[in-house]
2 protein chains.
Amino acid sequence: MRHLSNCCRRQEEGHNVQARGNIVTSSSRKARRAFDGFLDILFRRKADTNALGWGPSRTYLPCTEILRQDTPAKAVFLVESGLLKLSRIVDTGREVIAGLRRQHWIIGAPAVLLGKAYSFTATTLTHCSLRSVSAETFVNMLSTDPNFSFQMLVMLSREYYKQSETLVCLGCLPAIDRLKQLLYEITAEVQRSSDLHQRVKIQVPLKHLEMAQMIAITPEHLCRLLNKLEEEKIITRDKGSLIVNDTQRLKQGCGL
Amino acid sequence: MRHLSNCCRRQEEGHNVQARGNIVTSSSRKARRAFDGFLDILFRRKADTNALGWGPSRTYLPCTEILRQDTPAKAVFLVESGLLKLSRIVDTGREVIAGLRRQHWIIGAPAVLLGKAYSFTATTLTHCSLRSVSAETFVNMLSTDPNFSFQMLVMLSREYYKQSETLVCLGCLPAIDRLKQLLYEITAEVQRSSDLHQRVKIQVPLKHLEMAQMIAITPEHLCRLLNKLEEEKIITRDKGSLIVNDTQRLKQGCGL
DNA sequence: AAATGTGATCTAGATCACATTT
DNA sequence: AAATGTGATCTAGATCACATTT
């Protein structure tokens with residue numbers, strides 16, 4: 001198996017998850033969605049998390065490989081901050097990105113619970129802060145703490161649910177719609193408000209190659225699709241960053 | 001939303017999951033894989049399962065819709081026997097089959113745990129025997145019985161793991177390889193032995209349309225791909241059933 | 001009648017080769 | 001130098017229309 005991802009200019013950039021500048025005039029910064037709130041409650045008290053057995057926070061530079069596909073699952077990670085990608089390379093050399101993970105998501109739990117190898121490689125995209133537990137401790141925490149056990153059930157369900165959306169998206173929608181959906185998700189992520197009928201400048205935390213891997217196309221084709229969206233005035237490109245002119249049209253177009 | 005699947009000749013056929021006749025001469029019927037054995041243990045004692053709160057076994061005819069996408073998740077199902085498909089129709093009218101579920105798999109748990117709508121429609125392909133619990137009872141069982149809770153964690157992980165394989169397959173492999181993989185899985189399912197270098201006659205429990213939906217292509221294209229496999233002598237078609245001449249070449253070809 | 005097959009044609013997306021940016 | 005863009009060409013797979021099986 002070839003070496004997974006080679007490092008890149010991201011190294012020097014540091015955090016680029018947040019929007020750098022919203023061109024938005026209106027400004028009802030409403031509450032996050034209810035579900036996210038629920039998860040916040042689950043992990044609110046750091047002291048508890050410590051007591052439960054998670055190791056201390058560790059920070060990682062961008063482009064660091066946290067765990068690797070097909071290696072035995074020895075640990076579970078909890079993302080405290082930052083953004084990671086879950087990717088897999090197949091024999092033919094093609095790489096897919098199965099999804100991105102951020103704050104309050106766990107990584108590696110299914111493989112640990114099944115005693116199998118990790119199905120994906122997890123790589124940091126930005127500076128990340130993570131906590132980990134060994135496989136044994138994780139299982140121990142599950143068997144001794146019913147609350148923790150329930151939390152993990154919810155989190156695994158959320159993983160499954162998200163994975164399912166990705167799967168359906170890949171199976172049913174043409175690449176242009178998958179791209180619209182990806183951009184819509186990133187925009188929604190950045191905005192975190194419910195009135196999205198606005199221009200938003202987003203700093204996509206992914207290289208074009210990576211965006212292409214997320215929607216399972218080649219970078220060349222991605223480039224053409226972005227041109228198309230620009231022609232249709234849905235987006236405007238401004239060097240590294242990207243301005244979404246019409247969030248609604250993105251959402252409508254994406255077929256989900 | 002249009003009505004989901006229309007019934008079919010399957011109605012009269014009854015069980016067609018099992019292989020109808022193995023042309024196999026050698027016969028080391030070895031034990032199932034270790035993992036399946038583990039799950040058998042988990043659900044071995046029916047009495048326990050009863051005590052836990054699952055409802056009584058109910059049987060369903062083929063082509064029965066058990067639960068429907070985008071409806072509130074009110075129950076969780078446990079498959080005791082038979083085969084079901086999990087499918088989703090998107091706005092464009094296209095339908096994907098996300099996967100098949102059989103004995104000892106649960107259906108609907110992630111949606112219940114998240115308090116969301118089901119992401120898929122579950123439809124029986126053969127005669128099925130299922131047990132169910134209401135969402136409330138399910139959550140109650142989880143909070144009162146740590147063993148049950150742990151079982152569910154393992155089963156959800158398995159769901160996630162399988163879903164991930166499907167996702168990678170869709171994202172990385174060309175249709176011919178996805179078809180090979182599907183056929184290999186069905187063959188392995190039917191054989192349940194580790195020496196697969198044999199001719200096997202399999203009764204695929206799916207219509208061509210459904211096989212096409214599983215690998216995200218049109219039925220026409222599927223037909224051409226099957227022709228191709230037949231030209232390459234990997235399979236032989238014999239009316240309804242299908243003879244795999246070379247399991248090894250199926251496996252090698254499938255890219256995973 | 002529904003499912004399957006097949007031919008002709010079209011198109012989304014891949015591949016390759018090279019230019020331009022950062 | 002790596003990332004991005006773009007033009008020319010190819011091909012896997014879709015679409016449509018109709019024939020053949022079950």
Side-chain angles (χ1 to χ4, degrees), chain A residues 3 5-13 16 62-63 90 92-96 125 169-180 203-231 235 237-242 253 255, chain B residues 3 5-13 16 62-63 90 92-96 125 169-180 203-231 235 237-242 253 255:
Chain A
H3 202 68
S5 11
N6 38 12
C7 272
C8 49
R9 65 182 157 95
R10 203 179 274 136
Q11 211 76 303
E12 303 109 51
E13 282 182 6
N16 51 3
C63 284
V90 296
T92 57
R94 276 191 70 125
E95 179 173 353
V96 254
L125 292 175
C169 189
L170 277 179
C172 284
L173 302 180
I176 184 77
D177 291 348
R178 301 204 296 274
L179 176 58
K180 283 179 182 171
Q203 188 80 16
V204 180
L206 299 164
K207 286 182 293 179
H208 280 199
L209 172 62
E210 289 167 329
M211 286 183 71
Q213 287 169 337
M214 286 201 73
I215 59 177
I217 59 173
T218 57
E220 293 97 321
H221 191 48
L222 173 68
C223 183
R224 282 165 193 134
L225 293 179
L226 285 172
N227 287 344
K228 203 172 155 190
L229 290 183
E230 201 160 16
E231 274 167 34
I235 63 167
R237 271 182 289 180
D238 176 25
K239 289 166 196 173
S241 60
L242 200 139
Chain B
H3 202 67
S5 12
N6 38 11
C7 273
C8 49
R9 63 182 159 96
R10 201 176 277 138
Q11 211 76 303
E12 303 110 50
E13 283 182 6
N16 51 4
C63 283
V90 295
T92 57
R94 277 191 71 126
E95 180 174 353
V96 252
L125 292 174
C169 189
L170 277 179
C172 284
L173 304 179
I176 184 75
D177 291 349
R178 301 203 296 273
L179 176 58
K180 284 179 182 172
Q203 188 79 17
V204 179
L206 299 163
K207 287 182 291 180
H208 280 197
L209 173 62
E210 288 167 329
M211 284 182 71
Q213 286 169 338
M214 286 201 71
I215 59 175
I217 58 173
T218 56
E220 294 96 324
H221 191 48
L222 173 68
C223 183
R224 281 166 194 134
L225 293 180
L226 286 172
N227 287 344
K228 203 172 154 190
L229 291 182
E230 202 160 17
E231 275 168 33
I235 63 168
R237 271 181 289 181
D238 176 24
K239 288 168 196 171
S241 60
L242 200 138

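Every chain is numbered from 1, with letters handed out A, B, ... down the list of sequences.
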Residue-phosphate contact under 4.0 Å: B:Asn227 side-chain N/O, C:dT6 OP1/OP2: yes
From A:Leu209 atom CG to A:Gln213 atom CD, the distance as rounded to the nearest 0.5 Å: 4.0 Å
Rounded distance [0.5 Å steps], CG in B:Leu170 versus CE in B:Met214: 9.5 Å
Derivation of the side-chain contact (heavy atoms from CB on, under 4.5 Å) call for A:Ile217 and A:Leu179: CA-CA 10 Å; A:Ile217 59 173; A:Leu179 176 58; over 6 Å; no
Separation of atom CG in A:Leu209 from atom P in D:dG5, rounded to whole Å: 12 Å
Spacing between A:Glu231 atom CD and D:dG5 atom P, to the nearest angstrom: 14 Å
A:Arg237 (side chain) donor-acceptor with A:Leu242 (main chain) under 3.5 angstrom: no
Interatomic distance where CE belongs to A:Met211 and C1' belongs to D:dG5 [whole Å]: 15 Å
Atom pair distance, as rounded to whole Å: CG in B:Asp177 and C1' in D:dT11: 15 Å
Spacing of A:Ile235 atom CD1 and A:Asp238 atom CG [to the nearest 0.5 Å]: 11.5 Å
A:Leu222 CG to A:Lys207 NZ distance, which is reported to the nearest 0.5 Å: 13.0 Å
Contact pattern, 5' to 3', of nucleotides 13-20 of chain C - B, S or - by protein heavy atom under 4.0 Å: BSBB----
Steps toward side-chain contact (heavy atoms from CB on, under 4.5 Å) verdict (B:Glu210, B:Leu125): CA-CA 10 Å; B:Glu210 288 167 329; B:Leu125 292 174; 3.6 Å; yes
Rounded distance in Å - NZ (B:Lys180) to P (D:dA12): 13 Å
Rounded distance in Å - NE2 (B:His208) to P (D:dT21): 15 Å
Protein-nucleotide distance (A:Lys207, atom NZ; D:dG5, atom P), rounded to Å: 14 Å
Each stem that DNA chain D is part of, given as range with range (3 or more consecutive Watson-Crick or G-U pairs, under 3.5 Å): C:1-22 with D:1-22
Set of residues satisfying salt bridge (Lys or Arg N to Asp or Glu O under 4.0 Å) with respect to B:Arg224, sequence neighbours excluded: none
Separation of atom CD in B:Glu230 from atom P in C:dT4, rounded to whole Å: 15 Å
Backbone of B:Leu173 reached by a side-chain donor or acceptor of B:Arg178 within 3.5 Å: yes
